[in-house]
Protein chains: 2
Amino acid sequence: MLISGMATLVDEIPSDTKERLLDVAERLFAEHGFDAVSLRAITAEAGANLAAVNYHFGSKEALIGAVVARLVEPVNRKRLELLDAIKNDGQCDVREIVMAFLDPVLEASARGAGGDNRFFKLMSRCMAARDERVSKLVMRQFPEVVARFVEIICECCPGLSSNTAHLRLLFMAGAMAHSLFHHDKLAIVSQGRCTLPTFEVLREEMVIFLAAGLAAQEVGEYQQR
Amino acid sequence: MLISGMATLVDEIPSDTKERLLDVAERLFAEHGFDAVSLRAITAEAGANLAAVNYHFGSKEALIGAVVARLVEPVNRKRLELLDAIKNDGQCDVREIVMAFLDPVLEASARGAGGDNRFFKLMSRCMAARDERVSKLVMRQFPEVVARFVEIICECCPGLSSNTAHLRLLFMAGAMAHSLFHHDKLAIVSQGRCTLPTFEVLREEMVIFLAAGLAAQEVGEYQQR
DNA sequence: GATCGTTTAAAACAAACGTTTTATTCGAAA
DNA sequence: TTTCGAATAAAACGTTTGTTTTAAACGATC
């Protein structure tokens, strides 16, 4: 039997079943949510036995953690790389900040099975998960990204306080997550009056909107702190 | 026994138990999600019997629908009222559009048990619900609001296409929902480097950010359609 | 070729869920 | 007082869930 303490060892031994479980779980979790997807559904679709999840990961929650980590880590790494590239340029364009935050997500989603935006879907589901340990787990992967983006936002937008930069980063993340998650529902709420955007259009419109928001001028009390 | 066809009749007969169930369910659903809250938890906290939910509402899903309708309807009505007030003014300030969308939510949340932002929490949970009927149910309450806001956004921002106005409304809703849902998590991801904003600060910062985004200038292909 | 650790397979477990059924209580109308 | 329908109470039902247990198959090492 395998205990959790051996997780680091197991990671070094690739298992086809393990990867298939991760792939299927990632897709099903993003699309239907953690609670809606049973281990039976995952193992059946992955062609594995029901007990395989508990054998390879220890528990359903641990599987969730593995799925999230595998998806978030490369995205956040790429974000920081893009941020470094901006710094080396010397110039400072707000649009580039927005793209540095957004593009790695779009790239990761496109790499998966066809633009289903698993990243933000999984992020949203994590943040709203019934088990707080899941949300804690994902939030532990963001401090560095947050700090770096706040830093560059403050550099790029003179006069902006750190507090306000944090909030605007929150607004930006929310706008992205929500619109990439629910943009297909525009057809219903607009009653067909809105042309459904392609991902390129959605990206371009987002950059324009968010860059303007990030760079907005203000004079408020909160700003002074 | 009570069948669903008698629902309209029952609505006219106020029942303390029924209202208590709605109150408790609204709070618990918003805080923990639909799946995480059992009927046993709701009825226990409401001081009612387990069977009371199925007796008064027919099913758990019907209870969810009742909770959502009771919360969304007055908010959307207030939004349209504020929009009418703007129109009568004759002037057109983007900030007022943002506030017309946001303030009724804050007001409703404040009216409840202390600024827990049930509205956007419940909205988010509905849009991501495992049962599609729940998301369909809530989206059926938004076409009028969407149409009216798109209309006034187009009036207020000359040169903006209907398509882009729809998208910017989506961005705005996402930024609001996300930040009102998760603003308390800023303490963790910022590692204490961010002063947690009060609701008034959050509101003011949101208005500045979103007004700038809504009014942003652009020249894109999507714009021409 | 036997052996041992790793992996898969199949079955069973206990717990929690939404729902239904059956009894009981209560209050107003006849 | 009697009666009848609405409301509450209590118990049970059938499913589904994550997890555990037990058994079998596989694969490299000695």
Side-chain angles (χ1 to χ4, degrees), chain A residues 1-25 28-29 32-67 125 129-134, chain B residues 1-25 28-29 32-67 125 129-134:
Chain A
M1 184 178 175
L2 199 67
I3 57 173
S4 59
M6 294 174 65
T8 52
L9 179 64
V10 174
D11 280 344
E12 295 166 3
I13 301 172
S15 163
D16 284 341
T17 300
K18 202 176 173 184
E19 286 185 16
R20 266 184 291 126
L21 286 173
L22 283 171
D23 288 338
V24 172
L28 293 184
F29 282 154
H32 305 102
F34 301 126
D35 294 327
V37 177
S38 67
L39 295 186
R40 284 167 177 82
I42 296 172
T43 51
E45 195 155 332
N49 189 269
L50 169 60
V53 167
N54 278 279
Y55 175 75
H56 284 287
F57 299 94
S59 68
K60 183 181 184 179
E61 185 188 308
L63 172 64
I64 296 175
V67 167
R125 298 198 187 280
R130 63 198 295 179
D131 192 336
E132 281 200 4
R133 285 174 297 185
V134 174
Chain B
M1 186 180 176
L2 199 67
I3 56 173
S4 59
M6 295 173 64
T8 53
L9 179 64
V10 172
D11 281 343
E12 295 164 5
I13 302 171
S15 163
D16 283 341
T17 300
K18 202 175 175 185
E19 286 186 16
R20 265 183 292 126
L21 286 174
L22 283 172
D23 288 340
V24 172
L28 293 184
F29 281 154
H32 304 102
F34 300 126
D35 294 327
V37 177
S38 67
L39 296 186
R40 285 170 173 82
I42 296 172
T43 51
E45 195 154 330
N49 189 269
L50 170 59
V53 167
N54 279 278
Y55 176 77
H56 283 288
F57 299 95
S59 68
K60 183 180 183 179
E61 184 188 308
L63 172 64
I64 295 174
V67 166
R125 298 199 187 278
R130 63 199 294 180
D131 194 333
E132 281 202 3
R133 287 175 295 187
V134 174

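Here the structure is a predicted model, which means the values were calculated and not measured. The chains referred to below are lettered A, B, ... by the order of the sequence lines, with proteins before strands, and numbering in each begins at 1.
Side-chain proximity of Arg40(B) to dA12(C), dC17(C), dT8(D): nearest is dC17(C). Nearest nucleotide to the side chain of Tyr55(A), out of dA6(D), dT8(C), dT19(C): dT8(C).
Every stem involving DNA chain D, taken as at least 3 paired positions in a row under the Watson-Crick or G-U wobble test at 3.5 Å, is listed here: C:1-30 with D:1-30.
Side-chain atoms of Val24(A) and Thr43(A), non-hydrogen and from C-beta on, never get closer than 4.5 Å to each other. Within the 4.5 Å cutoff, the side chain of Asp35(A) has no heavy atoms near those of the Phe34(B) side chain.
Following rounding to the nearest Å, Lys60(A) (NZ) and dT16(D) (C1') show an atom-to-atom distance of 11 Å. Regarding Asn54(A), its CG atom lies at a distance of 15 Å from the P atom of dT7(C), rounded to whole Å. When rounded to the nearest whole Å, the span between CD of Glu61(A) and P of dT19(D) equals 9 Å. When the P atom of dA7(D) is taken as reference, atom CD of Glu19(B) falls 13 Å away, rounded to whole Å. When rounded to the nearest whole Å, the span between CZ of Arg20(B) and P of dA7(D) equals 13 Å. Going from atom NZ of Lys18(A) over to atom P of dT6(C) covers 13 Å, rounded to whole Å. At whole-Å resolution of the value, CG in Leu39(A) and P in dA12(C) are 20 Å apart. In this structure, Phe34(A) atom CZ and dG18(D) atom C1' are separated by 16 Å, rounded to whole Å.
The closest donor-acceptor contact from the side chain of Arg130(A) to the backbone of His32(B) lies at 3.5 Å or more, if one exists at all.
At dT6(C), none of the side-chain N or O atoms of His56(A) fall inside 4.0 Å of OP1 or OP2 (strictly under the cut-off). An OP1 or OP2 oxygen of dG18(D) is reached within less than 4.0 angstrom by no side-chain nitrogen or oxygen of Ser59(A). Distances shown here put a side-chain N or O of Ser38(B) below 4.0 Å from the OP1 or OP2 atom of dC17(C).
A heavy-atom distance below 4.0 Å to DNA chain D is reached by these residues of residues 43-53 of chain A, ordered by number: Leu50(A), Ala51(A).
For the pair Gly58(A) and Ala36(A), both in contact range of DNA chain D, the more 5′-proximal nearest nucleotide belongs to Ala36(A).
Nearest heavy atom pair, residue Ala48(A) against residue Thr17(A), reads CB-CG2, 3.8 Å.
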| message | Checking Leu22(B) against Leu63(B) for the side chain to side chain contact (heavy atoms under 4.5 Å, CB included) test, could you report, in this order, the C-alpha distance in whole Å, the side-chain angles of both residues, the deciding distance, and whether it holds? | response | CA-CA 8 Å; Leu22(B) 283 172; Leu63(B) 172 64; 4.1 Å; yes
| message | As a quick check of understanding, evaluate side chain to side chain contact (heavy atoms under 4.5 Å, CB included) for Asn54(A) and Leu39(A), giving each step before the final call. | response | CA-CA 9 Å; Asn54(A) 278 279; Leu39(A) 295 186; 3.8 Å; yes
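Listed by chain and residue number, nothing satisfies the side-chain hydrogen bond (donor to acceptor under 3.5 Å, both in side chains) test with Asn49(A) (two or more places apart in sequence, or in another chain).
Note: Glu19(B) CD to His56(B) NE2 = 11.0 Å, rounded to the nearest 0.5 Å.
Remark: Lys18(A) qualifies as a cation-pi partner of Phe57(A) under the 6.0 Å distance and 45° angle criteria applied to the six-membered ring.
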